[in-house]
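Just so you know, residue 1 is the first one in the sequence shown, and it goes up from there. Start at 1 and go down the list; that is how both ligands and their atoms are numbered. Note that these values count all heavy atoms, side chains included, but never hydrogens, waters or copies made by symmetry.
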Amino acid sequence: MKHIAVLGSTGSIGTQTLDIVRCNDDFVIDALAAGSNVDLIEKQAREFKPQVVCLYNENAAKELKERLKDTDMKVLAGMEGLIEIAVMPSVDVVLTAVVGMIGIKPTIAAIENGKDIALANKETLVTAGHIIMPLAKEKGVNIYPVDSEHSAIFQSLHGENHDRISKIILTASGGPFRGRTREQMKDIKVEDALKHPNWSMGRKITIDSATMVNKGLEVIEAKWLFDVDFDKIAVVVQPQSLIHSMVEFVDGGIMAQLGVPDMKLPIQYALTFPDRRPMDTPKVDFAALRQISFEEPDLNNFKGLAMAYKAGRIGGTMPTVFNAANEKAVALFLDRKIGFLDIDETIEKLMGLHKVIENPTVAQILETESWVYETIEV
Ligand code: NDP
Ligand code: MG
């Protein structure tokens, strides 16, 4: 039996994780957590019967407790609740699918308590990778990537000597605005940016994909997961999203992982590694496909990607500034308070104003996040 806690169970990755659990008799849900979606988490709780459920929002948690009073489930709230779930003795693996830096503390708590992590929540690794990766090593904890590109790299590296990597090649779809100039992107509406050509995902990551900031976050995520320098991480645009990423080795050989764009495979692999299990999803039909094409990423019009490399190379609190400025700017864009191009402009401005703290503690990372939020005035 594998005992799983899902943080972010009501989201895109969370609900797909529960689909995987439904198909695997030996997976048990011990705990579920989300932000404020009482209706869905109640439904999930009644179906999966976890011991503990948590909503971050205190009022929503009260409502959930009321609704679940006919059960013996424990209902928790807030950051304390997320952390309590992350360290539950019965749990083997914590699947982190919350959106944003809120995942930092529960992820660290889980690792400190020896839990393996199936990691979708990239913002946590981007901002606190220098704390999380050494801690995982010290505690003998495995971090299994859920992000499709990183799962592809993880699969391509299986059985290989990491010292023989010459390059990690992250693929990118280019998003819905691939090929456009900034002039052509200045009037983009929220509805347009929420239409991704290949993937159906949560709102924040869908906007991140449209700006290509998502690929920037993934470059930094790859640096931490696979311990490679930024000079060895390349991005190539592959608009059909069939090659999920590649690794080039010192002899020029390249390993890639291909598949239809569907998060279920990387989610399941993170939970079954090193095994693979049958899955009832569409398969790639090469005859129908006819071509896979490639392009250079456009770093001038999609400057979020270029700024991610810059933030990553500077290190310290700069990736936190990159990430927090993006989180805030995306929320403002979704609220229709700023324009599409203001997202990467905001990141650039905040990075320009920031005085870097080297090797920051969790407290300093969270203070930097607050500084970013206070400094962005709208
Ligand atoms: P969604 O927006 O669909 O879901 C986010 C989840 O986080 C929801 O369950 C939400 O709960 C929960 N949540 C939000 N705020 C809090 C909080 N303060 N405390 C606890 N839970 C909270 O996001 P996605 O599933 O798309 O993405 C999740 C993570 O996975 C992100 O880091 C993303 O970058 C990454 N990822 C996603 C991919 C995808 O295909 N979707 C692919 C690769 C990576 P509620 O519903 O109650 O608000
Ligand atoms: Mg990805």
- prompt: Any idea which N/O/S atom from D147 gets closest to the Mg ion (ligand 2)?
  reply: OD1
message: For H196 and S173, which I'm curious about, is there any donor-acceptor pair between the side chains at under 3.5 Å?
response: yes
query: Which of the atoms of ligand 1 are close to S36, meaning less than 4.0 Å from one of its heavy atoms?
result: 45 (P), 47 (O)
statement: Taking only non-hydrogen atoms of N121 and a 4.0 Å limit, the atoms of ligand 1 in range are 32 (O)
query: Should L55 be counted as touching ligand 1, given the test is an N or O pair under 3.5 Å?
result: no
field: Residue and atom name of the nearest protein heavy atom (relative to atom 3 (O) of ligand 1), distance in Å to one decimal
entry: S12 N, 2.8 Å
- request: State, without any angle test, whether Q238 and Q240 hold a side-chain donor-acceptor pair at a distance under 3.5 Å.
  value: yes
query: Should one rank I205, I41, T124 by closest heavy-atom distance to atom 33 (C) of ligand 1, which comes out on top?
result: I205
Sub-4.0 Å atoms of ligand 1 with respect to non-hydrogen atoms of A120: 30 (O), 32 (O), 35 (C), 36 (N), 44 (C)
message: Tell me the protein heavy atom at minimum distance from atom 14 (C) of ligand 1, and give that distance in Å.
response: V99 CG1, 4.0 Å
query: Under 4.0 Å from ligand 1, counting heavy atoms only, is it the side chain of E123, its backbone, both or neither?
result: side chain
Contact (N/O only, under 3.5 Å) between N37 and ligand 1: yes
- prompt: Between H3 and D30, is any side-chain donor less than 3.5 angstrom from a side-chain acceptor?
  reply: yes
field: D344 side chain to T211 side chain, donor-acceptor N/O pair below 3.5 angstrom
entry: no
- request: Could you tell me the residue and atom name of the protein heavy atom closest to atom 16 (C) of ligand 1, and the distance to it rounded to 0.1 Å?
  value: G35 CA, 3.8 Å
task: Among all protein heavy atoms, pick the one closest to atom 20 (C) of ligand 1 and tell me residue, atom and distance.
output: A34 O, 3.3 Å
- prompt: Among the heavy atoms of K122, does any lie under 4.0 Å from an atom of ligand 1?
  reply: yes
- request: Could you find the nearest protein heavy atom to atom 43 (C) of ligand 1 and give me its residue, atom name and distance?
  value: D147 OD1, 3.1 Å
task: On the 0 to 90° scale, with breaks at 30° and 60°, tag the W371-H354 ring pair as parallel, tilted or perpendicular.
output: tilted
message: Checking contacts here: is it the side chain or the backbone of V98 that comes within 4.0 Å of ligand 1, counting heavy atoms only? Could be both or neither.
response: both
field: Aromatic ring pairing F273/Y144, orientation class (parallel under 30°, perpendicular over 60°, tilted between)
entry: tilted
field: Closest candidate by heavy atom, reference atom 45 (P) of ligand 1, pool T10, T17, I13
entry: T10
message: Need the ligand 1 atom indices (1-based, order shown) with element for anything under 4.0 Å from a heavy-atom of S9.
response: 9 (O)
task: Could you pull out the closest heavy-atom pair between M201 and T206, with the gap in Å?
output: O-OG1, 3.4 Å
message: Taking 4.0 Å as the limit for heavy-atom contacts, which would you say applies to M263 with ligand 1: side chain only, backbone only, both, or neither?
response: side chain
message: Does ligand 1 come near enough to Y56 that some N or O of the ligand is less than 3.5 Å from an N or O of the residue?
response: no
message: Under a 3.5 Å threshold, yes or no: a donor from one side chain and an acceptor from the other, between D298 and N301?
response: yes
task: Among all protein heavy atoms, pick out the one at the shortest distance from atom 28 (C) of ligand 1; state its residue, atom name and that distance to 0.1 Å.
output: A97 O, 3.2 Å
message: Between ligand 1 and L82, is the shortest N or O to N or O distance under 3.5 Å?
response: no
- request: Would you please classify the geometry between the W224 ring and the H130 ring as parallel, tilted or perpendicular, with 30° and 60° separating the classes?
  value: tilted
- prompt: Run the salt bridge (Lys or Arg N to Asp or Glu O under 4.0 Å) check on D208 and K204 step by step: do they pass?
  reply: CA-CA 6 Å; D208 290 351; K204 190 252 177 188; 2.8 Å; yes
message: Checking N121 against T96: is there a side-chain donor and acceptor pair closer than 3.5 Å?
response: no
statement: Taking the Mg ion (ligand 2) as the apex, OE2 on E218 and OE1 on E149 give an angle, to 10°, of 100°
query: Quick one: nearest non-hydrogen protein atom to atom 26 (O) of ligand 1, plus distance?
result: G202 N, 2.9 Å
query: What is the closest protein heavy atom to atom 4 (O) of ligand 1, and at what distance does it sit?
result: G11 CA, 3.1 Å
statement: Per-atom filter on ligand 1: closer than 4.0 angstrom to a heavy atom of I102 are 18 (N)
query: Regarding S151 and Q155, is there a side-chain donor-to-acceptor distance under 3.5 Å anywhere?
result: yes
